[in-house]
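Read through the structure below, which is laid out as structure tokens, and then see the notes.
Letters A, B, ... are given to chains in the order of the sequence lines, protein chains preceding strands, and every chain is numbered from 1.
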Protein chains: 2
Amino acid sequence: MKQEVSIVDVAKKAGVSIATVSNVVNGKGRASASTIQKVQRVIEELGYTPNLPARNLKTRRTDLIGLVVPTMEPGRLQDNPFYWDLLAGVEEGARDRKFHIILAGIDESTETFAFAKERRLDGLIIVGMNERSQAIGRAMELGLPVVFIDSYLQDSELYQVNLDDRMGSYRATSYLIAQGHRRIALLVGDIPVDRISSYGVLHERWLGYKDALEEAGIAYDPQLMIKLPTSLEGGYQASNRLVELPDVTAIFSFSDISAMGLLKGLREKGKSVPGEYSVIGFDNLFISEYTSPSLTTVSQNILEKGQAAVRMLLDQIDGQPIEERRKILPVDLIVRETTGRGPFL
Amino acid sequence: MKQEVSIVDVAKKAGVSIATVSNVVNGKGRASASTIQKVQRVIEELGYTPNLPARNLKTRRTDLIGLVVPTMEPGRLQDNPFYWDLLAGVEEGARDRKFHIILAGIDESTETFAFAKERRLDGLIIVGMNERSQAIGRAMELGLPVVFIDSYLQDSELYQVNLDDRMGSYRATSYLIAQGHRRIALLVGDIPVDRISSYGVLHERWLGYKDALEEAGIAYDPQLMIKLPTSLEGGYQASNRLVELPDVTAIFSFSDISAMGLLKGLREKGKSVPGEYSVIGFDNLFISEYTSPSLTTVSQNILEKGQAAVRMLLDQIDGQPIEERRKILPVDLIVRETTGRGPFL
DNA sequence: TTGAAAGCGCTACCAC
DNA sequence: GTGGTAGCGCTTTCAA
């Protein structure tokens with residue numbers, strides 16, 4: 001059993017009161033230079049480390065935030081290298097401000113966030129919630145500062161960090177059109193397209209696609225929607241559908257991961273990219289530059305996304321004014337080798 | 001300001017003492033069925049949630065463990081999808097036992113682990129330390145239970161979870177030999193090969209490679225060591241070196257990630273795989289099945305690795321007997337399409 | 001400039 | 001069975 005050294009031990013040995021030690025430790029209150037010196041030396045000698053949980057009992061702050069990620073949603077966690085960067089961004093941002101993060105995987109349908117209350121977390125960052133998830137209501141009931149990432153929730157009171165998905169999608173589609181493609185398939189994910197509006201990110205990207213078509217005077221064709229999961233396997237399967245669609249010369253996939261599956265599928269079918277099909281992805285994973293051919297994609301800075309979310313959360317916690325509750329990060333189109341000229345150029 | 005409801009409020013409203021409430025909450029001590037009922041109803045009504053930090057002040061346990069990952073080591077964090085699975089394994093294992101994890105990125109050279117003491121963490125899981133890192137000494141000084149993952153530290157007192165890297169490497173190399181390859185290049189990482197023994201994982205894998213050669217009576221040729229980072233870019237560069245090595249028909253890369261870079265490099269040079277070169281990787285990332293051709297590799301169960309580490313840590317914390325301080329997880333050779341027959345078959 | 005003391009929410013011991 | 005109460009390690013008035 002490690003013998004804990006407390007503020008009392010320090011006070012005793014330094015011959016001062018615990019109040020004084022507390023003042024020295026926190027740099028608050030007043031203390032003479034000599035007292036400070038003396039106390040600090042004793043702290044050093046004893047190897048005293050302040051007990052944060054105890055301090056928090058008084059101050060009512062834990063300097064701890066929860067990062068909540070749904071574990072059960074298939075094709076997200078397991079599949080996407082994405083999350084690691086996000087996490088790194090959040091961790092880094094928190095560290096800069098002396099916060100630590102508690103990582104919690106939840107089952108979206110049953111989680112009550114009791115742990116957040118029990119541990120008296122200062123705030124929560126929640127990733128990838130669906131609008132209709134009951135979890136969001138429960139999270140808000142906590143009365144804690146919460147920031148949602150990639151969730152596209154209607155309620156404008158909620159703090160959110162998202163990507164400019166619609167713009168990204170618009171730019172990707174426009175680029176294909178500019179390259180002379182007209183019939184552009186879309187790998188939208190494993191959802192009913194008629195209810196796409198409740199799938200935030202996907203909906204936005206779908207709208208961006210339509211924006212571009214409309215601008216170019218191309219009719220939207222529901223036949224071109226491929227409803228398969230945005231995963232490696234989903235992309236792979238999608239290649240089967242793709243080749244059956246007449247006159248299609250390009251496909252836009254809502255994630256790089258599925259675009260990779262797609263590339264593999266097409267290669268196995270002997271279809272050349274970008275010769276017969278132009279392919280464009282979304283995310284710009286670190287690996288996307290290394291596919292063959294290298295993947296044209298919409299780039300998002302995932303690290304920055306994590307950082308923006310912590311910033312917004314911590315400002316909220318510190319009671320600092322928040323400029324905007326809904327932060328939208330910019331996207332960038334990265335043209336590489338999977339896109340080429342279409343028949344109309 | 002959210003009005004905190006404490007044990008006192010519950011006690012008052014239920015007309016019992018706080019001691020009784022505490023008993024009910026913890027299911028300890030004795031209490032009549034009717035009291036229990038009454039108290040529980042009040043808890044419900046008031047929405048009371050126990051304050052864990054306060055409880056921990058008494059019990060001297062936080063039920064919190066730190067997961068420590070070096071942030072500064074290039075080519076690890078950023079590059080490797082690997083970590084996400086590990087994290088997921090740890091989180092899940094912890095959750096099962098009512099622990100939470102605090103994620104901390106550290107700079108290996110300067111970290112003092114003060115946060116672990118301050119927050120009174122119950123234990124630490126540390127990933128990917130190098131033998132000569134000062135951080136390991138500092139971590140041990142804390143006097144906390146610690147488990148190292150992927151660190152291969154000499155000290156047999158330390159708790160460690162590793163992979164059977166040597167065996168994995170042996171099997172990969174043996175397989176290539178059995179397929180008729182004799183001159184097998186090795187992408188070992190960006191390190192001086194003469195000091196490889198201080199790079200745990202790499203050393204083990206290097207030994208496994210030599211084991212296989214020796215068994216087959218093939219002389220070890222230092223010329224075949226390619227010293228480039230085990231990253232996408234490193235693998236890509238490695239292809240340049242590879243093609244200059246005479247008579248080499250196969251290459252074993254110490255990570256899938258670098259194998260992917262390698263595949264791209266070779267393809268760009270017009271070298272066929274597995275026609276001209278057989279390629280074998282290590283890790284079996286979820287994406288490795290989707291490269292073209294799909295990657296033959298040594299598989300490790302990363303999720304399981306994380307789980308094993310928590311289990312070992314929590315048993316330590318709970319004072320349960322630990323069978324073995326050094327847990328070695330099995331590997332598996334997954335033969336896919338990047339390996340084919342060599343000239344000697 | 002310093003110290004005494006109250007109290008944060010909880011557990012655990014000991015009386016009743 | 002139940003309650004009183006002494007701390008756990010700390011911050012923070014308020015006095016001195």
Side-chain angles (χ1 to χ4, degrees), chain A residues 1-40 42-43 46-64 98 114-122, chain B residues 1-40 42-43 46-64 114 116-122:
Chain A
M1 280 302 106
K2 193 86 171 339
Q3 169 89 344
E4 289 282 359
V5 14
S6 85
I7 200 173
V8 181
D9 303 315
V10 176
K12 213 168 282 174
K13 180 149 183 188
V16 297
S17 76
I18 62 167
T20 300
V21 176
S22 175
N23 281 340
V24 172
V25 169
N26 297 298
K28 284 187 180 175
R30 296 123 310 207
S32 69
S34 70
T35 314
I36 293 182
Q37 280 239 324
K38 187 172 45 181
V39 171
Q40 279 173 341
V42 174
I43 287 179
L46 261 38
Y48 166 72
T49 314
N51 181 324
L52 250 44
R55 170 185 298 174
N56 300 150
L57 192 53
K58 278 250 79 159
T59 61
R60 278 135 186 304
R61 300 224 339 185
T62 52
D63 293 345
L64 226 38
K98 304 283 178 201
F115 74 95
K117 287 196 73 176
E118 289 174 352
R119 296 212 180 261
R120 298 303 192 263
L121 303 185
D122 288 340
Chain B
M1 279 303 105
K2 193 90 170 336
Q3 170 88 344
E4 289 282 359
V5 15
S6 84
I7 200 173
V8 181
D9 304 314
V10 176
K12 212 168 283 174
K13 180 148 183 190
V16 297
S17 75
I18 62 167
T20 300
V21 177
S22 175
N23 281 341
V24 172
V25 169
N26 297 299
K28 285 186 179 175
R30 297 124 309 209
S32 70
S34 69
T35 314
I36 294 181
Q37 281 239 324
K38 186 171 48 180
V39 171
Q40 279 173 339
V42 175
I43 287 179
L46 260 38
Y48 165 73
T49 314
N51 182 322
L52 250 44
R55 169 185 299 173
N56 300 149
L57 192 53
K58 277 249 79 159
T59 61
R60 282 138 183 301
R61 301 225 339 186
T62 53
D63 293 345
L64 227 37
K117 286 196 72 177
E118 291 174 350
R119 297 213 179 259
R120 299 301 192 263
L121 302 186
D122 289 339

To the side chain of [X], which of [options] is closest?
X	options	value
Arg60(B)	dC10(D), dA4(C), dC8(D)	dC8(D)
Asn23(A)	dC8(C), dC10(D), dT12(D)	dT12(D)
Ser22(B)	dC8(C), dG9(D), dT11(C)	dT11(C)
Ile7(B)	dT11(D), dT12(D), dT11(C)	dT11(C)
Ala54(B)	dT2(C), dG9(C), dA5(C)	dG9(C)
Lys28(B)	dC10(C), dA12(C), dC8(D)	dA12(C)

Tell me whether the OP1 or OP2 atom of [N] has a side-chain N or O from [X] closer than 4.0 Å.
X	N	value
Asn56(A)	dC8(C)	no
Arg55(A)	dT11(D)	yes
Thr35(B)	dT2(D)	yes
Thr59(B)	dC10(C)	no
Lys58(A)	dT12(D)	no
Thr20(B)	dG3(D)	yes

Enter the distance from Ile7(A):CD1 to Lys12(A):NZ here, rounded to the nearest 0.5 Å.
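Result: 12.5 Å between the selected atoms.
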Classify [X] by what it touches in the nucleic acid, base, sugar-phosphate, or nothing, heavy-atom distance under 4.0 Å.
X	value
Leu52(B)	nothing
Pro53(A)	nothing
Val16(B)	sugar-phosphate
Ala19(A)	base

Value in whole Å for how far the P atom of dC8(C) lies from CG of Asn51(A):
18 Å
Whole-Å gap separating P (dT1(C)) and NZ (Lys38(A))
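Atom-to-atom, Lys38(A) to dT1(C), this comes out as 14 Å.
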Would you say Lys38(A) has more than 12 foreign heavy atoms packed within less than 6.0 Å of its NZ?
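Enclosed: over 12 neighbouring heavy atoms sit under 6.0 Å from NZ of Lys38(A).
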Should Asp63(B) and Asp122(B) count as side-chain neighbours, where that means a heavy-atom distance under 4.5 Å?
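When only atoms from C-beta onward are counted, Asp122(B) and Asp63(B) do touch, with a gap below 4.5 Å.
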